Amino acid sequence: MEKKKWFPDYVFETSWEVCNKVGGIYAVLSTRAKTLQDRIPDHVFFIGPDCWHDKPCPFFKADDTLFPEWQKQAFKEGLRLKTGRWTVPGGPIAILVDFSAFFARKNEIYGKLWEDYQVDSLQAYGDYDESLMFSYAAGKVVESFYRANIPSGKKVVFHVNEWQTAIAALYVQKVLPQIGTIFTTHATGIGRSIAGNNKPLYDYLEAYNGDQMARELNMESKHSVEKQTAKYIDCFTTVSDITARECKELLDKPVDVVLPNGFEDDFVPKGAAFNTKRRAARKALLNVANALTGTEYNDDTLIISTSGRYEFRNKGIDVFIDSMNRLRQSDKLKRNVVAFIEVPGWVKCPRKDLQERLESGMIYDVPLPNPVITHQLYNENDDRVLGMMRWLGMANAKNDRVKVIFVPSYLIGDDGILNKPYYDVILGNDLCIYPSYYEPWGYTPLEAVAFKVPCVTTDLAGFGAWANKEKGGHSTIEDGVEVVHRTDSNYNEVADTIRDVVLRYAAMDKKEENKCRSNASKLSKKALWSKFFRYYEQAYDIALRKAAARVEKK
């Protein structure tokens with residue numbers, strides 16, 4: 001008979017993306033928060049960086065009535081923080097910490113890290129110092145709060161995400177050995193770097209030495225944090241079987257548990273509200289396309305998008321552009337296609353000429369100059385998306401059936417062009433395409449299917465591999481998700497396959513299209529946190545039992 005799992009009375013969790021919407025981890029944590037809140041109401045505490053200082057954080061509602069006595073004590077201990085609520089479903093308690101004061105102690109902190117855990121900070125550069133000072137501050141917050149507020153004998157877990165917050169767990173494990181610690185790497189730094197530097201990751205994974213590659217790619221300090229935390233932590237986790245293999249080979253440490261990324265679907269509008277929002281999104285997207293390209297688009301236009309971080313090869317942005325170019329050259333396409341690349345670039349400001357056209361409400365038949373981009377960039381001549389489109393001759397000519405539009409801004413509702421948050425834009429799509437080369441999980445395709453948008457991804461994405469597993473074979477667009485087989489060397493095959501999938505989808509009648517949409521939605525229900533949270537229960541159990549054993553030894 002299986003022994004009963006230990007579950008924490010309190011959970012602390014930290015990430016650079018707590019109340020700081022910069023990537024997919026924000027979505028993972030913010031949607032899982034409600035599940036934790038339901039289990040241990042107001043006994044879950046998210047710790048994030050105070051990036052806003054005197055300005056209001058758009059994802060955080062301050063509340064000074066939370067733990068006022070502890071706040072005073074923390075201030076005396078040199079901690080500058082704000083207490084409040086993360087403005088996401090469940091409204092969990094969040095603590096934002098100003099970590100700037102710790103830079104003065106940087107060398108001392110790094111010296112102790114080397115002494116205690118052999119974390120090598122000598123080759124640090126870029127965001128390393130900022131990340132580790134926040135991480136150290138987060139660890140101090142946990143220590144201070146625990147000593148002031150948590151009764152003796154309670155089961156407590158501290159969960160850190162990515163290398164940026166890893167040393168917080170090492171610090172807490174040392175000063176409060178009774179706390180169980182969990183480290184989740186959402187992508188190994190070395191794996192991401194190998195892939196991003198155009199080196200073949202998968203064919204040679206077993207042959208790579210992580211330490212050697214860290215030296216070659218100038219990643220020694222970040223790699224050291226990740227590798228040493230994985231070695232010493234109570235429970236080491238990642239988000240997919242693909243990345244688990246990577247951890248074993250590049251960090252020399254197999255993971256204890258795989259924690260797939262789920263979501264809550266309470267942010268997806270229902271019934272009439274969904275249809276209203278979908279119509280509004282389509283209208284906004286087609287209005288932008290018309291004002292920019294001078295082409296009138298009817299409601300039969302196929303709207304496609306890709307989105308995510310600006311990792312040109314890793315996220316498959318290159319393949320997306322190439323496949324849209326091949327689609328543009330096909331004589332089999334009978335519908336107009338507008339394909340949006342919603343990837344934040346080095347944005348300067350929204351285009352004034354485009355804003356003026358949108359404000360007029362008119363329909364235009366003459367394009368604007370450079371009708372491929374919605375915003376001005378600081379680096380327009382060096383931008384890789386624009387460079388590839390120029391190289392392929394993709395200029396959104398009047399007679400092109402496929403128009404590709406680059407939206408290089410974060411979509412949080414204030415971009416100056418669409419002025420809608422991402423979730424209010426995505427449901428206007430007919431199809432989403434994420435041809436990732438390096439994608440440990442893939443939150444964007446999961447979000448797409450949650451909004452009933454069929455999508456294309458690859459079997460190098462954790463989500464794509466999971467979709468195939470759920471199907472029990474090759475998942476196709478008719479199942480809601482087309483999973484394209486991708487390797488180190490089949491770029492052209494992938495681009496052609498995506499073109500052919502779009503052609504197939506564009507030829508469907510409304511009934512067939514709706515079936516795809518329905519199947520996409522059904523698949524998303526299998527990835528709810530209610531289905532995936534059991535893996536977290538397993539991780540909590542491992543961490544708590546190891547902490548208990550550590551205390552017993554002392």
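Numbers here are sequence positions counted from 1. Note that the coordinates shown come from a computational prediction; the quantities given were computed from them, not determined experimentally.
Looking at S323, its side chain does come within 3.5 Å of a backbone N or O of F320 through a donor-acceptor pair. Under the 3.5 Å distance criterion, the side-chain polar atoms of N490 are matched with a main-chain donor or acceptor of T487. Judged by distance alone, the side chain of R85 and the main-chain N or O of G91 form a donor-acceptor pair under 3.5 Å. In this structure a side-chain-to-backbone donor-acceptor pair under 3.5 Å is missing from T87 to K61. With hydrogens and angles ignored, the 3.5 Å screen pairs no side-chain donor or acceptor of T243 with any backbone N or O of V239. No side-chain donor-acceptor contact under 3.5 Å links N290 to the backbone of I363. Side chain of S524 to backbone of L446: no donor-acceptor contact under 3.5 angstrom is found. Between the D479 side chain and the N519 main chain, no donor and acceptor come within less than 3.5 Å of each other.
In this structure, a donor-acceptor pair under 3.5 Å is absent between the side chains of T185 and T188. With no hydrogens or angles considered, a side-chain donor-acceptor pair links R328 and N325 at under 3.5 Å. A donor-acceptor pair shorter than 3.5 Å can be found between the side chains of T184 and H159. If you check the side chains of Y364 and N287, you find no donor sitting under 3.5 Å from an acceptor. For the residue pair Y491 and D322, a side-chain donor N or O sits within less than 3.5 Å of a side-chain acceptor on the partner. Counted by atom type alone, D42 and Q37 present one or more donor-acceptor pairs between their side chains at under 3.5 Å. Side-chain contact of Y438 with E246: a donor-acceptor pair under 3.5 Å is present, judged by distance alone. Side-chain N/O atoms of S307 and Y422 include a donor and acceptor closer than 3.5 Å. Defined by atom type and a distance below 3.5 Å, a donor-acceptor pair is missing between the side-chain atoms of E342 and T306. Judged by distance alone, the side chains of E478 and T476 do bring a donor and an acceptor atom under 3.5 Å apart.
Partners of C516 by side chain to side chain contact (heavy atoms under 4.5 Å, CB included), not counting sequence neighbours, listed by chain and number: P454, Y505, M508. With sequence neighbours left out, the salt bridge (charged side-chain N to carboxylate O under 4.0 Å, His left out) criterion links E226 to no other residue. Looking at residues two or more places apart in sequence or on another chain, you find a side chain to side chain contact (heavy atoms under 4.5 Å, CB included) between L503 and L327, S330, K332, L333, R499, D500. Scored by the side chain to side chain contact (heavy atoms under 4.5 Å, CB included) test, K277 finds P269, D424, L427 as partners (sequence neighbours excluded).
A salt bridge is defined here as a Lys NZ or Arg NE, NH1 or NH2 lying under 4.0 Å from an Asp or Glu carboxylate O, and D266 with K34 fails to meet this definition. One finds no salt bridge joining D415 and K420 here, because no Lys/Arg side-chain nitrogen approaches an Asp/Glu carboxylate oxygen to under 4.0 Å. Salt bridge absent: E493 and R486 never bring a charged side-chain N and a carboxylate O closer than 4.0 Å. A salt bridge is absent between E359 and K352: the closest approach of a Lys/Arg side-chain nitrogen to an acidic carboxylate oxygen does not fall below 4.0 angstrom. Salt bridge annotation for R326-D496: present, with a cationic side-chain nitrogen under 4.0 angstrom from a carboxylate oxygen. A salt bridge does not link R245 to D241: none of the charged side-chain nitrogens sits closer than 4.0 Å to a carboxylate oxygen. For R534 and E537, the salt-bridge test fails: no basic side-chain N is under 4.0 Å from an acidic carboxylate O.
D265 and K525 get closest at one heavy-atom pair: OD2-NZ, 2.9 Å. Considering all non-hydrogen atoms of both residues, I93 and F67 come closest at CD1-CE1, 4.0 Å. Shortest non-hydrogen contact noted between V44 and L36 is CG2-CD1, 3.8 Å. Between I317 and I341, the closest heavy-atom pair is CG2-CG2, 4.4 Å.
A cation-pi arrangement, defined by a distance under 6.0 Å to the six-membered ring centre and an angle within 45 degrees of its axis, is present between K21 and Y423.
You'll find the ring centres of F145 and F12 inside the 6.0 Å limit. Within the 6.0 Å centre-distance limit, the rings of Y26 and W86 are counted as a close aromatic pair. Here F406 and F340 keep their ring centres 6.0 angstrom or further from each other.
For the atom pair CG (L377) and CG (L386), the distance works out to 6.0 Å, reported to the nearest 0.5 Å. Atom-to-atom distance recorded for Y437:OH and Y202:OH is 6.0 Å, nearest 0.5 angstrom.
Within the structure, side chain to side chain donor-acceptor pair (under 3.5 Å) contacts touching residues 448-460 (residues at least two apart or in different chains) are D459-H485. Residue pairs meeting the ring-ring contact (aromatic ring centres under 6.0 Å, His included) criterion with at least one partner in residues 506-532, sequence neighbours excluded, are W466-F532, W529-Y536.
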